[in-house]
*Asks:* 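Starting off with a structure, shown below.
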Protein chains: 2
Amino acid sequence: MTDKTQAAEQEFLADYDPYAFPPVAVTADVVALTIRSNELCVLLVRRARPPYEGSWALPGGFLSARRPGEPTNTPLETIDEAAARALAAKTGLTMSADTQAVSAHNAASRVYLEQLRTYGDQARDPRMTVVSVAYVALAPSLPKPTAGHGTTDARWVPIRELEIDREEGRVISQNATAYPLAFDHAQIIADGVERARAKLEYSPLAAAFVGEEFSIADLRHVYEIVWGEPLHPSNFARKVLSTPGFVEGTGTFSAEAGTFGGPRAKLYRTGDCALLHPPILRAASERKIR
Amino acid sequence: MTDKTQAAEQEFLADYDPYAFPPVAVTADVVALTIRSNELCVLLVRRARPPYEGSWALPGGFLSARRPGEPTNTPLETIDEAAARALAAKTGLTMSADTQAVSAHNAASRVYLEQLRTYGDQARDPRMTVVSVAYVALAPSLPKPTAGHGTTDARWVPIRELEIDREEGRVISQNATAYPLAFDHAQIIADGVERARAKLEYSPLAAAFVGEEFSIADLRHVYEIVWGEPLHPSNFARKVLSTPGFVEGTGTFSAEAGTFGGPRAKLYRTGDCALLHPPILRAASERKIR
DNA sequence: ACAATAGTGTCTCTTAGACACTATATG
DNA sequence: CATATAGTGTCTAAGAGACACTATTGT
């Protein structure tokens with residue numbers, strides 16, 4: 001292929017449109033979700049510079065591409081790695097993304113990262129085209145994030161406080177007074193939350209929100225908080241335990257009971273399945289979108 | 001905002017990394033699927049120029065971005081529109097994508113288009129970083145496509161002939177002798193086919209493969225061909241009819257019966273639901289990925 | 001003792017899947 | 001008449017949801 005490099009370049013310049021190569025920037029933006037004090041929260045940073053100076057935005061960063069003239073064998077990050085880098089910069093996590101295309105799940109840091117979708121609104125910024133590849137990250141409770149480059153603050157914000165109104169999958173208003181959102185990030189957050197809600201139905205990812213070992217009640221609380229609806233404790237336990245590969249018992253029990261006492265709960269860790277069969281469906285799925 | 005343009009530009013250049021802006025190209029590539037002579041087919045074009053000259057590739061095109069110095073109020077295409085444009089160029093379809101972010105479904109041309117995922121393999125081409133935003137298109141049987149710019153041929157290729165072997169969601173080999181695939185397009189096609197298969201479970205999109213009016217048997221054939229497994233005719237019919245909003249009767253009957261006669265089938269058109277409740281699950285979903 | 005929770009047992013209702021069966025139209 | 005298909009009816013097994021019940025332990 002190296003002997004065809006010149007021809008390859010010409011192909012790029014000639015293909016489709018000779019003016020097809022104005023500057024395009026690609027960013028990886030992360031909808032990082034966690035559960036803090038019984039609320040589903042998203043990681044937001046406050047922008048220090050325009051555009052949207054002072055508004056809140058998703059942590060993200062530009063894809064670090066090869067510079068003109070740089071050797072062609074320079075190792076370059078994938079978009080997945082750029083997303084992991086952006087998240088690590090804000091949370092201090094030593095997370096390395098799986099280099100595979102589908103998803104990244106680092107067992108050590110227990111942060112799950114997967115691509116959400118790509119937002120190609122060229123009107124985002126008046127100066128140049130910015131394509132945003134959005135990711136969803138699910139994490140157990142993490143320490144207070146630190147503001148990084150170009151930001152004055154970084155917080156876990158309860159999504160309830162963002163007051164995002166949706167209709168037919170599209171954000172129609174965003175009334176947040178405390179946290180005005182930059183760009184189209186209200187839409188991205190709404191899509192990311194919906195992805196997380198849907199993921200809990202078909203995958204064992206609820207475990208990504210809790211620690212290494214957890215009780216069935218811990219898992220149920222994750223479902224209840226993310227879905228925003230109460231679940232039947234006994235039926236939930238039966239369903240989780242009857243789904244092959246969802247959890248596996250550790251043989252140990254929780255060290256402490258609840259505030260009012262009660263039996264010690266059995267502890268579990270994540271099983272070996274990637275997909276739940278049968279799925280655990282939300283009652284809200286009844287809303288047949290018509 | 002226009003008064004902040006200078007500051008905005010500085011923000012872009014200063015944010016995250018001062019060298020963050022080497023040239024990046026964004027392409028929209030389409031996995032266009034249709035059913036021809038009882039086979040699931042994907043639209044491929046043969047590359048006329050390197051890299052991968054002579055190999056087969058997905059139809060696609062570069063995102064047409066704003067050129068430096070161009071007025072900032074120039075209307076620019078979204079990535080969705082770029083994908084629709086790439087598809088229309090090969091199929092001759094006068095298709096206009098929905099400008100919404102989630103999906104595009106043009107009733108007139110009866111082509112459904114939705115974003116698949118973004119592939120950020122910077123090693124794709126030795127000369128520059130190319131980010132590929134892939135789409136899946138579902139279409140009823142279409143005429144023979146025409147080769148366009150930079151291609152010497154365009155065909156509907158049965159995916160069976162591509163002989164793509166998968167393992168844990170990743171393509172591990174691609175043995176196609178007749179259709180060697182360019183770039184990472186084997187992976188993208190595999191992901192697109194899997195998306196289509198999954199979509200049939202939860203959405204009424206099987207109707208996108210057939211004409212405006214169809215019988216239950218037509219719909220069943222779509223499921224059988226896409227999933228590659230036979231379905232129980234009577235149970236399938238009962239399930240489709242009991243799923244609210246999937247199809248609505250037209251009151252008419254098919255003009256002709258089968259080769260061996262039989263009753264005329266009732267005809268239906270697409271209903272008003274966007275999601276099937278309950279879903280129509282494949283038996284292959286039993287394969288709990290573990 | 002009381003309150004709250006972990007976990008099991010059991011009942012009912014719905015649905016999936018299998019298959020029998022009738023009606024229809026073409027060679 | 002033979003044959004294949006459209007569509008309905010029926011039976012069984014499995015799962016969802018509701019709820020009763022026991023066991024446990026901190027206040």
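The sequence lines fix the lettering, A, B, ..., with proteins before strands; numbering per chain opens at 1. None of these values were measured; they are calculated from a predicted model.
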*Asks:* If I take atom CD1 in residue B:Ile280 and atom C1' in nucleotide C:dA16, what distance separates them, rounded to the nearest angstrom?
*Replies:*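 Computing the B:Ile280:CD1 to C:dA16:C1' distance gives 12 Å.
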*Asks:* For B:Glu256 and A:Leu267, find the nucleotide of DNA chain C closest to each by heavy atoms; which residue's nucleotide sits nearer the 5' end?
*Replies:*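 First, find each residue's nearest nucleotide; the 5'-ward one identifies A:Leu267.
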*Asks:* Please lay out, stage by stage, how B:Val193 and B:Asp191 fare under the test side-chain contact (heavy atoms from CB on, under 4.5 Å).
*Replies:* CA-CA 6 Å; B:Val193 170; B:Asp191 291 348; over 6 Å; no
*Asks:* Of the listed nucleotides (C:dA6, C:dA18, D:dG7), which one gets closest to any side-chain atom of B:His232?
*Replies:*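 Among C:dA6, C:dA18, D:dG7, the one nearest the side chain of B:His232 is C:dA18.
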*Asks:* For A:Glu194 and A:Arg282, what are the C-alpha separation, side-chain angles and deciding distance, and is it a salt bridge (Lys or Arg N to Asp or Glu O under 4.0 Å)?
*Replies:* CA-CA 12 Å; A:Glu194 174 53 30; A:Arg282 358 166 210 185; 3.1 Å; yes
*Asks:* Measure from CG on A:Asn235 to P on C:dG9 and round the result to the nearest Å.
*Replies:*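 Those two atoms, CG and P, are 14 Å apart.
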*Asks:* With heavy atoms under 4.0 Å as the rule, sort B:Ala237 into base, sugar-phosphate or nothing.
*Replies:*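 Nothing: the residue B:Ala237, judged by heavy atoms under 4.0 Å, touches no strand.
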*Asks:* State, yes or no, whether a side-chain contact exists between A:Phe214 and A:Val247 at a heavy-atom distance under 4.5 Å.
*Replies:*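 Yes; the side chains approach each other to less than 4.5 Å.
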*Asks:* Given the rule in the side-chain contact (heavy atoms from CB on, under 4.5 Å) test, do A:Leu219 and A:Phe246 qualify, once you have shown the distances and angles that lead to the verdict?
*Replies:* CA-CA 11 Å; A:Leu219 210 53; A:Phe246 192 170; 3.9 Å; yes
*Asks:* Assess whether a salt bridge exists between A:Arg269 and A:Glu212, defined as any Lys/Arg side-chain N lying under 4.0 Å from an Asp/Glu carboxylate O.
*Replies:*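 A salt bridge is absent here (no side-chain N lies under 4.0 Å from a carboxylate O).
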*Asks:* Any idea which of C:dA18, D:dA6, C:dA16 is nearest the B:Pro278 side chain?
*Replies:*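 Selected nucleotide (nearest to the side chain): C:dA16.
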*Asks:* Please classify the nucleic acid contact of B:Pro233 as base, sugar-phosphate, or nothing, using heavy-atom distances under 4.0 Å.
*Replies:*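 Counting heavy atoms under 4.0 Å across all strands, no contact is made by B:Pro233.
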*Asks:* Closest-nucleotide mapping onto DNA chain D: is B:Arg238 or A:Pro263 further toward the 5' terminus? I mean the 5' end.
*Replies:*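 Checking each residue's closest nucleotide, the 5'-ward one belongs to B:Arg238.
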*Asks:* Distance check needed: C:dA6 C1' versus A:Tyr268 OH, whole Å only.
*Replies:*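 That distance rounds to 10 Å.
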*Asks:* Let's see if you can work this out: which of C:dA16, C:dA18, C:dA6 has an atom nearest to the side-chain heavy atoms of B:Lys239?
*Replies:*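 Looking only at heavy atoms from C-beta outward on B:Lys239, the closest nucleotide is C:dA16.
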*Asks:* Does a nitrogen or oxygen in the side chain of A:Lys266 sit under 4.0 Å from OP1 or OP2 of C:dG7?
*Replies:*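 No, because none of the side-chain N or O atoms of A:Lys266 sits under 4.0 Å from OP1 or OP2 of C:dG7.
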*Asks:* More 5' along DNA chain D: A:Ser242 or A:Phe260, using each one's nearest nucleotide?
*Replies:*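 The residue mapped nearer the 5' terminus is A:Ser242.
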*Asks:* Take the protein atom NE2 of B:His277 and the nucleotide atom C1' of C:dT15, then report the distance between them rounded to whole Å.
*Replies:*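 After rounding, the gap between these two atoms is 15 Å.
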*Asks:* Taking CG from A:Leu219 and P from C:dG7, how many angstroms apart are they, rounded to a whole number?
*Replies:*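 A:Leu219 atom CG is separated from C:dG7 atom P by 12 Å.
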*Asks:* Taking NE2 from B:His221 and P from D:dA4, how many angstroms apart are they, rounded to a whole number?
*Replies:*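 After rounding, the reported distance stands at 14 Å.
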*Asks:* Using whole Å, what does the distance between atom C1' of nucleotide D:dA6 and atom CZ of B:Arg220 come to?
*Replies:*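 Computing the B:Arg220:CZ to D:dA6:C1' distance gives 9 Å.
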*Asks:* Classify A:Arg264 by what it touches in the nucleic acid, base, sugar-phosphate, or nothing, heavy-atom distance under 4.0 Å.
*Replies:*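 The answer is sugar-phosphate, as A:Arg264 gets under 4.0 Å only of primed atoms, P, OP1 or OP2.
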*Asks:* In whole angstroms, how far is the P atom of D:dG17 from the CZ atom of A:Arg282?
*Replies:*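 The answer, rounded to whole Å, is 14 Å.
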